[in-house]
Asks: 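Sharing a structure, written as structure tokens. Questions coming.
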Amino acid sequence: MIIDTDVHERVLYEELLPYLEQPWRRYIEDCHWIQEKHMPYTQPAVAGVDRADARIPDGRPAGTDLAFMQEQLLNANSHEKAILTGALDPSPSSMHGWYEMATALASAYNNWQIDKWLDQDERLYGSIHIAAQEPQNAVKEIERVGSHPKMVQVLLPIDDKLWGDPYYHPIFEAAQKHNLAIGMHHNEPPLYYGKWPKYFIEWHTLIPTSHMNMITNMVFNGVFDKFPNLKLIMIEGGFTYVPFLMGKMDQQYTDLRHEVPWVKRMPSDIVREQMLFTTQPLESMKKKDFMQIVDQMGSEEIISFSTDYPHWDYDSPVEALPPNLDGDFKKKLFTENARKFYPKF
Amino acid sequence: MEQVVCHTDELQPGEMMESTLGKHSIVVCRASDGHYYAFLNRCIHQGAPLSKGKLCGAPAPTDNIGEYNFEKDGDILRCPWHGREFDVKNEGRMLVNEKYKVKNFHVTVENNQVIVYN
Ligand code: FES
């Protein structure tokens, strides 16, 4: 059994039309609006950023069809649950202007997600999309769909905004109130001095650095002290960087606590108590190396398996991990850590 | 064991197809030179079905930064998932490290039939 903590469903823009009021609808229908996307690279893998065998047989992009996802992922691997994390396209919180449209898109996306995915397969759980640039509107959206039993987290892209700033705290307050975790996933281009590096391989290698930026920002801006029941899941950054970051934050906190007196626990304790990390994309490791990193984190309970289906850097539940991991630990990794982490599970 | 997997006309140079050899799923590739090659249809990394990838070429290693010399078009089997590159004309060895290879099978052509042996 698996609780897969990162599965990307994708919407075709025209599928959002029935969920959009005017005037927003016409910007897509008549003006063919699409969110700006900047990736300057040619196709990194055989089929762009998707698994080549995940394209829908009729030619639609990967992740757009529930039946195909059921066949290729959910049924094939005995998934108990899968948490949908969107395709960050559209990504309302990443829009650089026109936040009213972002707000409308977020609501449309949530309604579409509930209708077409969450209500159609009991294994699927969802992420609430918001336009976080305007926290008051974002809170309204969380209030609107936050009590849906299958919405388990609020999704925030790791982008050019650091969400720990008190300006965004109403979002965390609303999430905590509705028993929702915060899920963060990098979007483009979240790293490299806010720009793109020259090659995709550089960008993809350094994704964990953008996760480190965000965790450090959230911790030292006091989010976890202010919202002690808030949970944060860092999605698709892997976990091998975590021991380093815990040690570094602890060391800095020990010396520089006076600058952030609202932080009252060692950062590594905050990480262990309030965060979870998805495993993908896994480096190839032997059991000994893998368990050493777990040991350095001081907890077996803060990582959770994810596939990242249908993307090219997918991790197979049967092939990606080192063989011979202990049974109890494997159970934590595949199901129990996620079950314990999400307030709604 | 031996098995006829296709007629020679069924694959053009640069094309590949999935087939079976006993209980194995295999991928039969016809390289740019018209010869046939057969491999276990399972990537050595995480087991992806290689037949869903692409038979393509690859930029040759170079000493000049910024230079792309695309070569071996039709001879490189690229995995559908993480994109690792295997040279079909070099026993299915991985471009980045020749120590690693996909399992290959002996292939002959007789009377326009492509036959794979295990
Ligand atoms: S499964 Fe083939 S490259 Fe990973």
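In what follows, every heavy atom counts, from backbone to side chain, and hydrogens, waters and symmetry copies are set aside. All of these numbers come straight from a predicted model, not from anything done at the bench.
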Asks: Take a 6.0 Å sphere around NZ of B:Lys54 and say whether it holds more than 12 heavy atoms from other residues, nucleotides or ligands.
Replies: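 For B:Lys54, atom NZ is not crowded (no more than 12 foreign heavy atoms under 6.0 Å).
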Asks: Would you indicate whether B:Tyr117, at its atom OH, is surrounded by more than 12 heavy atoms from other residues, nucleotides or ligands within a distance under 6.0 Å?
Replies: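 Yes - once you tally the heavy atoms of other residues, nucleotides and ligands closer than 6.0 Å, there are more than 12.
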Asks: Identify the heavy atoms of A:Ala320 and B:Gln46 that sit nearest to each other, and give their distance.
Replies: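 Smallest interatomic distance, heavy atoms only, reads CB-NE2, 3.4 Å.
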Asks: Taking everything shown except A:Arg123 itself, do over 12 heavy atoms lie less than 6.0 Å from its CZ?
Replies: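 More than 12 heavy atoms, drawn from other residues, nucleotides or ligands, come within 6.0 Å of this atom.
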Asks: Other residues, nucleotides and ligands only: do more than 12 of their heavy atoms fall within 6.0 Å of CG on A:Asp328?
Replies: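 No, not enclosed.
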Asks: Near B:Asn112 CG, under 6.0 Å, is it more than 12 heavy atoms from other residues, nucleotides or ligands?
Replies: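 Count over threshold, so yes.
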Asks: So what's closer than 4.5 Å to chain B heavy atoms on A:Tyr309: side chain, backbone, both or neither?
Replies: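 When you check distances to chain B, no heavy atom of A:Tyr309 falls under 4.5 Å.
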Asks: If you count heavy atoms of other groups shown closer than 6.0 angstrom to NE2 of B:His35, is the number above 12?
Replies: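 12 or below, so no.
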Asks: Suppose a student defines contact as a heavy atom less than 4.5 Å from any heavy atom of chain A. Which residues in residues 79-91 of chain B would they list?
Replies: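 Residues in range: B:Cys79, B:Pro80, B:Trp81, B:His82.
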Asks: Looking at A:Glu319 and B:Gly47, would you say the former's side chain and the latter's main chain have a donor-acceptor pair under 3.5 Å?
Replies: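 Answer holds: no.
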